[in-house]
Student: 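Encoded as structure tokens, here's the structure I'll be asking about.
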Amino acid sequence: MSEVYDVVIVGGAAIGSSVACYLSGAEGFDGRVLVVERDPSYAQASTALSAASIRTQFSNAINVAISQYGAEVIRDFARCMASGEDAPDLNFHEGGYLYLAATPDQERTLRENHAVQRACGADVVLWSPEELAAAFPHLRTGDIRLASYGQSGEGWFDNTGLMNGFRNRARAQGVDYIRDEVTGLTRAGSRITHVTLASGRRVSCGTLVNAAGPRAAQVARMAGLHIPVEPRKRTVFLYDCARSPEGSARVNHGRLPLMIDPSGVYCRPEGRYFMTQCPPEDDRAVDVGDFEPSHAEFEERIWPVLAARSEAFEAIKVIRSWAGHYAWNRLDQNMIVGPHPEVPNMLFANGFSGHGLQQAPATGRAIAELIVHGAYRTLDLSPLGVDRILTGTPFLEKNVI
């Protein structure tokens, strides 16, 4: 295998493979691309451990547009990524997101966000407590002031299917994948020139893409750079109901949405079961190897909220649980994308703060455009660039779960 590559991508999960797929398929690009992935089983990748959901209910227009494109790709994934007889259908369940507001501040936020979403053409409606109860009769709505419901373009899908589809297409388009770990970067002035791997190999590169997920800050430090990205643990619980409310909705063919309670607890259907999670009370950085589920969260924080919200959730039991990592951007919980002004051939695709899977298609397309054309051609993601990190100027997103 050649030790000289035009582009080296650090990390081969959803983000890295999306970049590899879009780049290798871009008109006018004929360079060599290498993806370095430390664990090709992806057993502990954020992609594999995520709740695999997508929504348009964000508070800023860029994030709405990013997800609108993501939904287009997910719907059409089988056709776009078909290779021979392999057509990877992501089984997109457009169940929607349902945000509930119980305080004046929460209601105001939903109304402000809704104005942004509707201006972008998102299919989102606001409901009174009465309309909410009529649509989802299993819910207790006495404390609710307002609800926001995504009627289309939101739901959940096959997370590893998305990653594998991008990866398989990238390989078919000539991208090389290797199992190895980046242990060093050689920087000559304002450029990264070489990548050193744990195996001892040294690879020359024209452009480096940091798609290392929760390990992104480690990769940046190898070039003498800093980004405020760290691993934050999230425990997901799969539970069964004695009497499931799935099928009881009076909208969307009876299907229940992903519901975000005012407390921050969310739940959604997952086959015959339900999936749930809540933000930790002590939400701080964890070791990149810490995947021990926080079991106490279910009994102490999640179950009381679910039981209070619906009689159907009073008698439930955990089937299994697992922990994954958000690549948390401490500044503003939004992605960091694009080149570093000090090292312009180092491109970042990091800090998604739990939104990486749904934002992977737009991110891959954007990074490919920067490499091939030197500028964004479709969706301008420059407000999400590194400059705001250097100046400490947040690009705020109110809807982070």
Student: Return yes if some donor-acceptor pair links the side-chain N/O of Arg388 with the main-chain N/O of Gly392 below 3.5 Å, else return no.
Tutor: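 No, Arg388 side chain to Gly392 backbone: no donor-acceptor pair under 3.5 Å.
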Student: Using a 3.5 Å distance criterion without hydrogens, assess whether the side chain of Glu246 forms a donor-acceptor pair with backbone atoms of Leu256.
Tutor: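 Pair found, side chain donor or acceptor close to backbone of Leu256.
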Student: Check the pair Ser199 / Asp180 against side chain to side chain donor-acceptor pair (under 3.5 Å), numbers first and verdict last.
Tutor: CA-CA 7 Å; Ser199 63; Asp180 216 323; 2.4 Å; yes
Student: Determine, stepwise, if the pair Ile367 / Val209 fulfils side-chain contact (heavy atoms from CB on, under 4.5 Å).
Tutor: CA-CA 8 Å; Ile367 294 293; Val209 178; 4.1 Å; yes
Student: Give the ring-plane orientation class for Tyr22 versus Phe166, where under 30° counts as parallel, over 60° as perpendicular and anything between as tilted.
Tutor: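 Aromatic pair Tyr22/Phe166 classed tilted.
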Student: Can you tell if the side chain of Asn113 reaches within under 4.5 Å of the side chain of Val124, non-hydrogen atoms only?
Tutor: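 Sidechains of Val124 and Asn113: no contact.
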Student: Within this structure, what is the CE-CG distance for the pair Met259 and Leu132, rounded to the nearest 0.5 Å?
Tutor: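 The CE atom of Met259 sits 9.5 Å away from the CG atom of Leu132.
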Student: List the atom of His325, the atom of Pro231, and the distance in Å for their closest heavy-atom pair.
Tutor: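 Heavy atoms of His325 and Pro231 come nearest at ND1-CB, 3.9 Å.
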Student: Between Cys241 and Phe274, is the side-chain contact (heavy atoms from CB on, under 4.5 Å) condition met? List the steps.
Tutor: CA-CA 8 Å; Cys241 300; Phe274 283 80; 3.8 Å; yes
Student: Using atom types as modelled and distance alone, determine if a side-chain donor or acceptor of Ser128 lies under 3.5 Å from a backbone N or O of Glu131.
Tutor: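 At least one qualifying donor-acceptor pair exists.
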Student: Looking at Arg272 and Asp240, does any basic side-chain N land under 4.0 Å from a carboxylate oxygen?
Tutor: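 Judged by the 4.0 Å cut-off on N to carboxylate O distance, Arg272 and Asp240 do form a salt bridge.
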Student: Rounded to the nearest 0.5 Å, what's the gap from CD on Glu181 to CG on Asp39? Could you check?
Tutor: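 Answer rounded to 0.5 Å: 10.0 Å.
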Student: Quick one: does any side-chain atom of Glu72 pair with a main-chain N or O of Gly153 as donor and acceptor, under 3.5 Å?
Tutor: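 Absent.
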Student: With the side chain counted from C-beta on, respond yes when Met222 and Val182 share a heavy-atom pair under 4.5 Å apart, and no when they do not.
Tutor: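 Side-chain contact under 4.5 Å: yes.
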Student: Work out which heavy atom in Ala211 is nearest to a heavy atom in Ile9; give both atom names and the distance.
Tutor: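 Closest approach of Ala211 to Ile9, heavy atoms only: CB-CG2, 4.2 Å.
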Student: Using the ring centroid of each side chain, check whether Tyr149 and Phe136 are separated by less than 6.0 Å.
Tutor: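 Yes: the rings meet the under 6.0 Å criterion.
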Student: Would you indicate whether the side-chain heavy atoms of His340 and Ile192 approach each other to under 4.5 Å?
Tutor: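 No; the side chains remain at least 4.5 Å from each other.
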Student: Tell me if the centroids of the rings in Phe313 and Tyr239 come within less than 6.0 Å of each other.
Tutor: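 So the answer is yes for these two rings.
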Student: Which distance, rounded to the nearest 0.5 Å, do you find between the CG of Asp158 and the CG of Leu162?
Tutor: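 Spacing of CG (Asp158) from CG (Leu162) equals 8.5 Å.
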Student: Check the orientation of His355 and Phe58. Use parallel for under 30°, tilted for 30 to 60°, and perpendicular for over 60°.
Tutor: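 It falls in the perpendicular class, over 60°.
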Student: Between Ser24 (side chain) and Cys21 (backbone), is there a donor-acceptor pair under 3.5 Å?
Tutor: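 A pair under 3.5 Å: yes.
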Student: Rounded to the nearest 0.5 Å, what separation is found between the CD atom of Glu154 and the OG atom of Ser67?
Tutor: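 Glu154 CD to Ser67 OG: 8.0 Å, rounded to 0.5 Å.
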Student: With rounding to the nearest 0.5 Å, note down the distance linking CD in Gln277 to OG in Ser53.
Tutor: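 With rounding to 0.5 Å, CD (Gln277) is 9.5 Å from OG (Ser53).
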Student: Given side-chain contact (heavy atoms from CB on, under 4.5 Å), test Val33 with Asp6 step by step and report yes or no.
Tutor: CA-CA 6 Å; Val33 181; Asp6 297 280; over 6 Å; no
Student: Atom CG of residue position Asp30 - does it have more than 12 heavy atoms of other residues, nucleotides or ligands inside 6.0 Å?
Tutor: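 Check fails, neighbour count at 12 or below.
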Student: Any salt bridge linking Glu230 with Arg284? Criterion: basic side-chain nitrogen under 4.0 Å from a carboxylate oxygen.
Tutor: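 So Glu230 does not pair with Arg284 through a salt bridge.
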Student: Is a side-chain donor-acceptor pair under 3.5 Å present for Asp123 with Gln117?
Tutor: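 Asp123 and Gln117 do not have a side-chain donor-acceptor pair below 3.5 Å.
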Student: I'd like to know if Glu369 and Arg377 make a salt bridge, using a cut-off of under 4.0 Å between side-chain N and carboxylate O.
Tutor: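 Looking at Arg377 together with Glu369, the answer is no, because their closest N to O distance does not fall below 4.0 Å.
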Student: Sub-3.5 Å donor-acceptor pair from the side chain of Thr47 to the main-chain atoms of Ala13, do we have one?
Tutor: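 Flag not set: sc Thr47 to bb Ala13 has no pair under 3.5 Å.
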Student: To the nearest 0.5 Å, what is the distance between CD (Gln106) and CZ (Arg111)?
Tutor: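 The CZ atom of Arg111 is 13.0 Å from CD of Gln106, to the nearest 0.5 Å.
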Student: Given the ring of Tyr5, does Arg32 sit roughly above its face, with NZ or CZ under 6.0 Å from the centre of the six-membered ring and within 45° of the axis?
Tutor: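 The answer is yes; both the distance and angle limits are met.
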Student: I'd like to know if Arg179 and Glu37 make a salt bridge, using a cut-off of under 4.0 Å between side-chain N and carboxylate O.
Tutor: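 Answer for the salt bridge query: no.
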Student: Checking Arg55 against Trp156: charged group under 6.0 Å from the ring centre and within 45 degrees of the axis?
Tutor: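 The answer is no, since Arg55 fails at least one limit relative to Trp156.
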Student: Does any N or O in the side chain of Asp176 come within less than 3.5 Å of the main-chain N or O of Leu34, such that one atom is a donor and the other an acceptor?
Tutor: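 Checked: no pair found.
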Student: Go through the steps for Ser263 and Asp261 under the test side chain to side chain donor-acceptor pair (under 3.5 Å), then give the verdict.
Tutor: CA-CA 5 Å; Ser263 65; Asp261 187 82; 2.8 Å; yes
Student: Check Lys233 with Asp290, please: is the shortest side-chain N to carboxylate O separation under 4.0 Å?
Tutor: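 So Asp290 pairs with Lys233 through a salt bridge.
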Student: Indicate yes or no: at least one non-hydrogen side-chain atom of Asn350 is less than 4.5 angstrom from one of Ile227.
Tutor: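 A side-chain contact under 4.5 Å exists here.
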Student: What are the two closest non-hydrogen atoms of Pro361 and Gly70, and how far apart are they?
Tutor: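 Answer, listing the atom of Pro361 first, then Gly70: CG-CA, 4.1 Å.
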Student: Would you call Leu258 and Leu98 a side-chain contact if the rule is heavy atoms closer than 4.5 Å?
Tutor: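 Not touching, per the 4.5 Å side-chain cut-off.
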Student: Counting N and O atoms only, with roles assigned by atom type, does the side chain of Arg145 sit under 3.5 Å from a partner on the main chain of Pro129, one being a donor and the other an acceptor?
Tutor: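 Checked: no pair found.
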Student: Is the backbone of Tyr266 close enough, under 3.5 Å, to the side chain of Thr276 for a donor and an acceptor to pair up by distance?
Tutor: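 Judged by distance alone, yes, a pair lies under 3.5 Å.
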Student: Do His295 and Phe237 have ring centroids that are under 6.0 Å from one another?
Tutor: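 For Phe237 and His295, the ring centres are not under 6.0 Å apart.
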Student: Would you check if Asp387 and Pro341 make a side-chain contact, meaning some heavy-atom pair closer than 4.5 Å?
Tutor: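 They are in contact (side-chain heavy atoms under 4.5 Å apart), so the answer is yes.
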Student: Which is it for Arg191 and Val343 under the side-chain contact (heavy atoms from CB on, under 4.5 Å) test, yes or no, and what are the steps along the way?
Tutor: CA-CA 5 Å; Arg191 294 188 64 79; Val343 188; 5.5 Å; no
Student: Side-chain contact, heavy-atom cut-off 4.5 Å: Asn329 with Pro228?
Tutor: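 Answer yes - side chains close enough.
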Student: Backbone N or O of Ala51 within a donor-acceptor pair of the Arg268 side chain at under 3.5 Å?
Tutor: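 At least one qualifying donor-acceptor pair exists.
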Student: Using the ring of Tyr177 (Phe, Tyr or Trp, six-membered ring only), decide whether Arg171 places NZ or CZ under 6.0 Å from its centre and within 45 degrees of its axis.
Tutor: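 Pair Arg171/Tyr177 counts as cation-pi.
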Student: Between the side chains of Gln57 and Ser148, does any donor sit under 3.5 Å from an acceptor?
Tutor: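 On atom types as modelled, these side chains qualify, holding a pair under 3.5 Å.
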Student: Is any NZ, NE, NH1 or NH2 atom of the basic residue among Glu94 and Arg75 found under 4.0 Å from an Asp or Glu carboxylate oxygen of the other?
Tutor: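 Counted as a salt bridge, because a side-chain N and a carboxylate O are separated by less than 4.0 Å.
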Student: For the residue pair Asn334 and Glu397, confirm or rule out a side-chain donor-acceptor distance under 3.5 Å.
Tutor: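 No, no side-chain donor-acceptor contact under 3.5 Å.
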Student: With a distance cut-off below 6.0 Å to the six-membered ring centre and an angular limit of 45° from the axis, does Arg365 pair with Tyr69 as a cation-pi contact?
Tutor: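 Yes.
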Student: Any idea which heavy atoms bring Val386 and Pro339 closest together, and the distance?
Tutor: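 The pair with the smallest heavy-atom distance is CG2-O, 3.5 Å.
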Student: Between Asp283 and Arg234, is there a salt bridge with N-O shorter than 4.0 Å?
Tutor: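 Salt bridge flag = yes for Asp283 with Arg234.
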Student: Might you point out which heavy atoms bring Leu126 and Leu110 nearest each other, and give the distance in Å?
Tutor: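 Minimum heavy-atom contact is CD2-O, 4.3 Å.
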Student: Between Arg140 and Glu314, is the closest basic N to carboxylate O distance under 4.0 Å?
Tutor: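 Counted as a salt bridge, because a side-chain N and a carboxylate O are separated by less than 4.0 Å.
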Student: Is a side-chain donor-acceptor pair under 3.5 Å present for Ser353 with Gln333?
Tutor: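 Result is no, nothing qualifies.
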Student: Is the shortest side-chain heavy-atom distance between Gln218 and Val288 below 4.5 Å?
Tutor: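 Gln218 reaches Val288 side chain to side chain.
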Student: For Trp127, does the CH2 atom sit with more than 12 other heavy atoms under 6.0 Å from it, leaving out its own atoms?
Tutor: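 Atom CH2 in Trp127 is packed in, count exceeds 12.
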